[in-house]
Amino acid sequence: MQNPGDTDAAPAERRSDFVRERVQADRSAGKHGGRVLTRFPPEPNGYLHIGHAKSICLNFGLAAEFGGRCNLRFDDTNPSTEDDEYVRSIQDDVRWLGFEPDGLFFASDYFEQLHAWAVRLIEKGLAYVCDLPGEELREYRGTLTAPGRDSPYRARSAAENLALFARMRAGEFPDGARTLRAKIDMASPNMNLRDPVLYRILRAEHHRTGSRWCIYPTYDWAHGQSDALEGITHSICTLEFENHRPLYEWFLAALELEHRPQQIEFARLNLTYAVLSKRKLLRLVKEGHVTGWDDPRMPTLSGLRRRGYTPEALRLFCERIGVAKFNSTVDMVQLENALRDDLNKRAPRVMAVLQPLKVVIENWPEGAAGAHGAGEHVEWLEAVNNPEDPSAGTRTVPFGRELWIEREDFRAEAPKNFWRLKPGQEVRLRYAYYVTCTGFETDASGAPSLVRVRYDPATRGGDSPDKRKVKGTLHWVSAAHALEAEARLCEHLFREAHPEASQGGGHEGAPAAGDFLAHLNPDSVRTLSGCKLEPSMAAARPEQRFQFERHGYFCLDARDSRPGRPLFQRAVALRDSWAKIEQKERAPG
RNA sequence: UACCCCGUGGUGUAACGGUAACACAACAGGUUUUGGUCCUGUCGUUCAUGGUUCGAAUCCAUGCGGGGUAACCA
């Protein structure tokens with residue numbers, strides 16, 4: 001605390017984690033002159049998902065907290081799977097999440113330098129051209145328990161290697177015919193050190209370098225050196241790269257580079273009821289199980305955005321889950337709660353009836369005949385925009401003789417703890433009046449089609465002068481003023497909490513590839529039409545989030561809205577303790 | 001069967017050798033013009049066994065359990 005540099009305590013009461021401690025330690029030790037430079041290094045072969053958000057928040061957060069910087073670097077060393085569409089979406093998503101990269105780079109920017117360094121390695125006798133075809137190369141590498149054998153091409157002279165490597169680059173050999181490998185140790189217990197491949201011959205159009213190259217560096221050869229080139233101080237990656245760290249460091253040492261970034265590994269995010277691997281997400285998209293990368297059921301950032309998530313909620317979530325080395329699975333409700341917490345404070349409240357049932361107030365006064373003919377009596381009542389935020393102010397909503405209420409808010413026969421409308425029961429219509437149910441009508445199928453009530457004129461605004469209590473408060477929409485809309489409600493994409501876990505049905509061996517698809521939830525989307533909204537919603541803008549009172553948080557989906565029929569996407573429902581009570585009463589019987 | 005990493009309540013994280021904390025979930029209450037929000041309470045002898053120490057979740061050893069690693073993917 002005596003350190004005058006410790007000025008960053010104020011807003012960030014965030015709990016520390018092992019990565020931050022590491023960085024702090026390096027900083028106090030004066031490593032890299034106390035400088036902090038991180039990077040977020042996605043491969044442009046898919047859309048970013050919530051797991052990437054964890055990494056983004058870590059990398060950019062670190063930079064922000066330590067007065068450093070953070071780059072966005074595309075790890076585009078494998079042209080066969082990469083695409084500009086992904087480059088664009090990744091940049092959009094990072095910005096949307098709320099981070100502005102200090103530098104924008106591509107590993108492909110370093111191809112020439114990487115090549116020069118490979119030549120240096122050859123000259124030092126630390127790399128060689130290997131003619132082993134793929135299958136044999138694999139054989140020579142040995143197994144997890146058996147050491148590998150030296151390639152027969154391992155002893156080639158530097159001159160020969162230089163010449164062959166030049167011919168590789170010149171395109172004299174077919175794809176896959178030769179590789180450039182580091183000469184390390186074929187008997188190493190660490191597979192990554194068994195003469196790893198640095199370059200492979202691959203004729204594919206690269207999204208940035210076109211057909212300029214027919215040899216491409218591998219991840220291992222490109223990543224650490226790219227870090228070094230940018231002056232990255234802390235190269236943060238996920239656990240599966242732990243075994244790569246010795247190689248990462250071997251390259252930097254072999255090249256005698258002065259700047260030595262520190263690789264630090266953390267556990268990637270796993271989420272219940274979701275799948276978080278680009279390969280699997282790509283499959284969901286390609287096979288049409290979802291409508292696209294931005295399907296509101298997808299855990300992609302574009303999907304969550306469309307769903308109605310806010311960047312703030314995502315950042316809050318990332319802050320709450322922390323960072324560690326333990327492989328864990330975070331409960332989806334954690335994500336949902338982060339959104340609720342954010343939107344509870346910020347989202348304007350509005351009344352929306354999703355599944356309407358008509359209510360008629362029998363003793364409502366006749367209106368004076370007016371321009372609109374019949375002349376129904378209408379009152380404009382004041383409603384609070386956000387009880388959590390007085391500065392959000394109030395609005396007025398029209399109230400008349402005919403109203404819409406939620407179908408599930410009325411029951412012809414109901415248990416005692418059903419506080420809503422039932423024959424003889426009095427409830428409050430929010431911000432309006434107390435009404436008592438006097439009767440109802442049913443349709444041919446016996447379902448309620450209309451509810452009759454009488455109102456108490458003394459309860460205007462929703463308070464009774466005699467202080468009598470009503471348990472239930474219902475939302476409503478004036479039938480004469482209602483806006484028509486659709487609502488899309490989504491459930492989890494998977495019905496299993498752990499869709500990736502193999503379903504050991506007694507079968508031996510690996511589960512069928514794509515087993516996770518078997519757990520897809522067939523009812524993950526439901527679209528309601530004929531929803532009734534209060535008239536103020538005519539001003540709703542795309543991506544604007546609202547709380548539909550007693551329902552949940554919704555946002556206007558511009559993409560699927562049609563003229564005169566806006567579509568509202570439910571981001572997350574409100575907690576529903578009544579549903580819980582009912583479930584419990586049904587279950588234990 | 002090799003090497004690396006990890007193991008704190010239902011879940012996710014904290015405690016940096018000095019009497020286990022926070023969030024979420026669950027459960028029980030309270031407040032409430034959203035069965036929302038908010039508030040209160042309940043829920044763990046830190047995988048096991050030994051060792052070091054006045055003192056161990058923290059250090060050491062062994063065992064057990066989990067994850068990663070045998071792409072010319074990243």
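FYI, side chains are in, hydrogens and waters are out, and symmetry mates aren't considered; it's all heavy atoms of this structure. Residue numbers begin at 1 in each chain, while the letters A, B, ... track the order of the sequences.
- Classification of B/rA15 as anti follows from a glycosidic angle more than 90° from 0.
- In this structure, the nucleotide among B/rA28, B/rG35, B/rA74 sitting nearest to the side chain of A/Thr473 is B/rG35.
- Atom CD in A/Glu265 sits about 19 Å away from atom P in B/rC3, given to the nearest Å.
- Side-chain atoms of A/Gln263 and A/Asp227 form no donor-acceptor pair, as typed in the model, at a separation below 3.5 Å.
- What separates CZ of A/Phe18 from C1' of B/rC6 is a distance of 11 Å, to the nearest Å.
- Donor-acceptor pairing under 3.5 Å, judged by distance alone, is present between the side chain of A/Gln547 and the base of B/rU34.
- A/Trp476 does not carry A/Arg430 over the face of its six-membered ring by the limits of under 6.0 Å from the centre and within 45° of the normal.
- Contact check of residues 169-186 of chain A against RNA chain B (heavy atom, cut-off under 4.0 Å) returns A/Gly176, A/Thr179.
- Remark: A/Ser16 is not in phosphate contact with B/rA14, judged by side-chain N or O atoms under 4.0 Å from OP1 or OP2.
- With B/rU34, B/rG35, B/rG12 as the choices, the nucleotide that has an atom nearest any side-chain atom of A/Arg430 turns out to be B/rU34.
- Side-chain N/O atoms of A/Glu388 and base N/O atoms of B/rG36 include a donor-acceptor pair closer than 3.5 Å.
- In terms of modelled atom types and a separation under 3.5 Å, the side chain of A/Arg349 and the main chain of A/Ala347 share a donor-acceptor contact.
- Between A/Ser577 and B/rG36, a side-chain N or O to OP1/OP2 separation shorter than 4.0 Å is present.
- Regarding A/Arg39, its CZ atom lies at a distance of 12 Å from the C1' atom of B/rA74, rounded to whole Å.
- Side-chain polar atoms of A/Tyr47 and A/Glu85 form a donor-acceptor pair below 3.5 angstrom.
- Between the CG atom of A/Leu271 and the P atom of B/rA25 there is a distance of 16 Å, rounded to whole Å.
- Between A/Arg208 and A/Glu82 no salt bridge is recorded (no basic side-chain N to carboxylate O distance below 4.0 Å).
- Nucleotides B/rU31 and B/rG36, compared at atom P, are 13 Å apart to the nearest Å.
- Look at A/Arg73 and A/Asp109 and you find no salt bridge, because none of the NZ, NE, NH1 or NH2 atoms lies under 4.0 Å from a carboxylate O.
- Annotation: B/rG12 and B/rG51 have their C1' atoms spaced 32 Å apart (nearest Å).
- Counting non-hydrogen atoms under 4.0 angstrom, A/Asn45 reaches nothing in the nucleic acid.
- Taking atom P in both B/rG9 and B/rU52, one finds a spacing of 28 Å when rounded to whole Å.
- Here the two rings, on A/Tyr219 and A/His223, have centers that are under 6.0 Å apart.
- Atom CZ of A/Phe241 is separated from atom C1' of B/rC6 by 18 Å (rounded to the nearest Å).
- Using a 4.0 Å cut-off between charged side-chain N and carboxylate O, A/Arg39 and A/Glu230 make no salt bridge.
- Residue-to-nucleotide contacts include a donor-acceptor pair under 3.5 Å from the side chain of A/Arg349 to the base of B/rU34.
- For the residue pair A/Glu406 and A/His551, a side-chain donor N or O sits within less than 3.5 Å of a side-chain acceptor on the partner.
- In this structure, the side chain of A/Ser188 does not engage the main chain of A/Asp185 through any donor-acceptor pair within 3.5 Å.
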- Give the intermediate values and the outcome of salt bridge (charged side-chain N to carboxylate O under 4.0 Å, His left out) for residues A/Arg468 and A/Glu426. CA-CA 11 Å; A/Arg468 72 177 185 275; A/Glu426 182 171 54; 2.7 Å; yes
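- Neither side chain, A/Glu549 nor A/Gln547, offers a donor N or O lying under 3.5 Å from an acceptor on the other.
- The P atoms of B/rU8 and B/rU46 are separated by 12 Å, rounded to the nearest whole Å.
- Between A/Arg200 and B/rC73, a side-chain N or O to OP1/OP2 separation shorter than 4.0 Å is present.
- Applying the 4.0 Å criterion to OP1 and OP2 of B/rA26, one finds that A/Lys580 has a side-chain N or O inside that range.
- Using a 4.0 Å cutoff on non-hydrogen atoms, the parts of residues 336-348 of chain A near RNA chain B are A/Asn337, A/Asn344, ordered by number.
- Look at OH on A/Tyr128: it is 12 Å from P on B/rC72, rounded to the nearest Å.
- Going from atom CG of A/Leu48 over to atom C1' of B/rA74 covers 14 Å, rounded to whole Å.
- Heavy atoms of A/Thr81 sit nowhere under 4.0 angstrom from any nucleic acid atom.
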- State the dot-bracket string of RNA chain B. Criteria: Watson-Crick or G-U wobble, both atom distances under 3.5 angstrom; notation: ( ) intrastrand, [ ] crossing earlier pairs, | interstrand, . unpaired. .((((((..((((....[..)))).(((((.......)))))....(((((..]....))))))))))).....
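- Between A/Val333 and A/Tyr553, the one whose closest nucleotide on RNA chain B sits nearer the 5' end is A/Val333.
- Nearest nucleotide to the side chain of A/Asp17, out of B/rC6, B/rC27, B/rA14: B/rA14.
- If you take atom P in B/rA15 and the same atom in B/rU58, they sit 14 Å apart, rounded to whole Å.
- The CZ-C1' distance, from A/Arg20 to B/rU13, rounds to 12 Å in whole Å.
- Ring pair A/His115/A/Phe165: centre-to-centre distance below 6.0 Å.
- Spacing between B/rU1 and B/rA23 at atom C1', rounded to whole Å, works out to 42 Å.
- Remark: A/Gly142, A/Thr143, A/Leu144, A/Thr145 in residues 142-150 of chain A come within less than 4.0 Å of RNA chain B through at least one heavy atom.
- Closest to the A/Glu240 side chain, of the nucleotides B/rU34, B/rG12, B/rG68, is B/rG68.
- Salt bridge absent: A/Asp342 and A/Arg545 never bring a charged side-chain N and a carboxylate O closer than 4.0 Å.
- At the phosphate of B/rC72, OP1 or OP2 sits under 4.0 Å from a side-chain N or O atom of A/Arg141.
- Using C1' as the reference atom, B/rA57 and B/rU49 are 16 Å apart when rounded to the nearest Å.
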Hey, what are the protein-to-nucleotides 63-67 of chain B N/O distances that come in under 3.5 Å?
residue, atom, partner, partner atom, Å
B/rG67, O2', A/Asn327, ND2, 2.8

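- Residue A/Thr77 is classed as a sugar-phosphate contact, given heavy-atom separations below 4.0 Å to backbone atoms only.
- Of the P atoms belonging to B/rC39 and B/rA25, the separation is 12 Å, rounded to the nearest Å.
- Listed nucleotides: B/rU34, B/rA23, B/rC73. Nearest to the side chain of A/Arg320: B/rA23.
- Scanning for side chain to side chain donor-acceptor pair (under 3.5 Å) contacts around A/Arg154 gives A/Asp195, with sequence neighbours left out.
- Distances shown here put every side-chain N or O of A/Ser80 at or beyond 4.0 Å from the OP1 or OP2 atom of B/rC73.
- A distance of 6.0 Å or more separates the ring centres of A/Phe554 and A/Phe568.
- Taking side-chain N and O atoms only, A/Arg550 has a distance below 4.0 Å to OP1 or OP2 of B/rG35.
- Aromatic ring centres of A/Phe111 and A/Tyr216: separated by under 6.0 Å.
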